[in-house]
2 protein chains.
Amino acid sequence: MVKRTRFDDNPCPVARSVDAIGDWWSLLIIRDAFDGSRRFGEFQRSLGVAKNILSARLRALVEAGILAVEPASDGSAYQAYVLTPKGEDLFPVVVALRQWGERHSFEPDEPHSELLDRRDDRPLRELAVLAADGRPVGPADTVVHKVPEPERA
Amino acid sequence: MVKRTRFDDNPCPVARSVDAIGDWWSLLIIRDAFDGSRRFGEFQRSLGVAKNILSARLRALVEAGILAVEPASDGSAYQAYVLTPKGEDLFPVVVALRQWGERHSFEPDEPHSELLDRRDDRPLRELAVLAADGRPVGPADTVVHKVPEPERA
DNA sequence: CCATCTGGTTGCAACATGCTACCCCTCCGA
DNA sequence: TCGGAGGGGTAGCATGTTGCAACCAGATGG
């Protein structure tokens, strides 16, 4: 694991997020966790991932504070992996990926799973990036303010 | 490249999105593209990635329709990599990752780069997942409606 | 026309992934 | 109380991917 701390000192929040969840499986594990998976075997069957890889990913996500190991959940003495508040805050990320995939990765008539409002079974509203005053903004309306880069080299 | 089409037939949009952009570098390349990088060397210096990896990633992103190669941009006969509309639609994904990283991956007093509204230099509003009626919803308020899985086996 | 910069490609070493086999623990019925 | 089944992993090995450095080709430029 040489890449563990690769962007730990990068002042860009995107880089640090990618550092935490930016590999192939982590995001899918988190998606399954949002979807209700809690046990090792559930993740394994849902993802079809090798057990050692899943084991390593779950451990990394626990270390990252995204998942927590609960000693037991449904009576049986096995352990469950549940999202921490930090993990739950990834909800917009997963929703954004989902909406992008829905829009761009499916044929118009191709069926796909959907994320629905539990209250009325209707799909969610599209995520919108808003300015402080509520005005919707696109990439061109924003500017990245870089940190002044302390004593770096 | 055995993983290229790994989730191509997966009916979950999140999986397909991860298939397209879910590796270490792609998202950072896209972030840099939003930030104004266009040329090979710009990406390379900004990311510190090996040139062959960058080359492969850029090619994959172009194949995925996220970036496009423009024959020239600033006069000199070199080529530029620019976001397509499909790539620009990743803006909420990048913003979501950025906001999550800002909240969870920095010490309270630690400086980091910021994404500001160009109009008034103020930070953006937090992304919110909204139901069709505008009510904000969290993970527990939603349910994934799985596709009935056609003739699969 | 030689030196240099940009934009790559190629080869090789190191690392990560995936698969299979195995292991330990708990649960459960006989 | 024993044996089997299933959950939750680890170990070993083949393969694929990443990273680094070297190299290369076309523009620039003196």
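Proteins get letters first, then strands, A, B, ... in listed order; numbering begins at 1 in each.
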K.L.:
With sequence neighbours left out, which residue pairs that include part of residues 93-102 of chain B fulfil the side-chain hydrogen bond (donor to acceptor under 3.5 Å, both in side chains) condition?
P.N.:
B/R98-B/S113
K.L.:
Taking only residues two or more places apart in sequence or in another chain, which ones pass side chain to side chain contact (heavy atoms under 4.5 Å, CB included) with A/T142?
P.N.:
A/V137, B/F91, B/L115, B/L124
K.L.:
Test of understanding: with side chain to side chain donor-acceptor pair (under 3.5 Å), list the residues that count as partners of A/R45, not counting sequence neighbours.
P.N.:
none
K.L.:
Take the protein atom CZ of A/R57 and the nucleotide atom C1' of C/dA16, then report the distance between them rounded to whole Å.
P.N.:
9 Å
K.L.:
Any chance you could measure A/L61, atom CG, to A/I21, atom CD1, to the nearest 0.5 Å?
P.N.:
9.0 Å
K.L.:
Looking at B/Y81, I'd like to know whether one of its side-chain N or O atoms comes within less than 4.0 Å of OP1 or OP2 on C/dG8.
P.N.:
yes
K.L.:
Regarding B/F43, tell me which of base, sugar-phosphate or nothing describes its non-hydrogen contacts under 4.0 Å with the strands shown.
P.N.:
nothing
K.L.:
Between B/L58 (CG) and D/dT18 (P), how many Å, whole number?
P.N.:
14 Å
K.L.:
Mark yes or no for whether A/D141, through its side chain, and A/G138, through its backbone, hold a donor-acceptor pair below 3.5 Å.
P.N.:
yes
K.L.:
Pick the closest DNA chain C nucleotide for B/R45 and for B/R59 by heavy atoms, then say which residue is nearer the 5' end.
P.N.:
B/R45
K.L.:
Below 4.0 angstrom, which residues in residues 48-55 of chain A have at least one non-hydrogen atom near DNA chain C?
P.N.:
A/A50, A/N52, A/I53
K.L.:
For B/F40 and D/dA25, what is the distance between atoms CZ and P respectively, to the nearest whole Å?
P.N.:
17 Å
K.L.:
Would you mind reading off the distance between B/E42 atom CD and C/dT6 atom P, rounded to a whole angstrom?
P.N.:
11 Å
K.L.:
Answer yes or no: is there a donor N or O on one side and an acceptor on the other, between the side chain of B/S17 and the main chain of B/P13, under 3.5 Å?
P.N.:
yes
K.L.:
Contacts to DNA chain C from residues 27-37 of chain A, heavy-atom cutoff under 4.0 Å, which residues?
P.N.:
none
K.L.:
Could you state the atom-to-atom distance from CD of A/Q44 to P of D/dT10 in whole Å?
P.N.:
13 Å
K.L.:
Can you tell which of D/dG9, C/dG8, D/dG7 lies closest to the side chain of A/Q79?
P.N.:
D/dG9
K.L.:
Nearest-Å distance, OH (A/Y78) to P (D/dG8)?
P.N.:
7 Å
K.L.:
Tell me: CH2 of A/W25 to C1' of C/dA16, nearest whole Å?
P.N.:
14 Å
K.L.:
Drop me the distance from B/W25's CH2 to B/L47's CG, to the nearest 0.5 angstrom.
P.N.:
6.0 Å
K.L.:
Under the side chain to side chain donor-acceptor pair (under 3.5 Å) test, which residues partner A/R31, sequence neighbours left out?
P.N.:
none
K.L.:
On the nucleotide C/dG7, are OP1 or OP2 found under 4.0 Å from the side-chain N or O atoms that B/R39 carries?
P.N.:
yes
K.L.:
Please work out whether the ring planes of A/H112 and A/F106 are parallel, tilted or perpendicular, with thresholds of 30° and 60°.
P.N.:
tilted
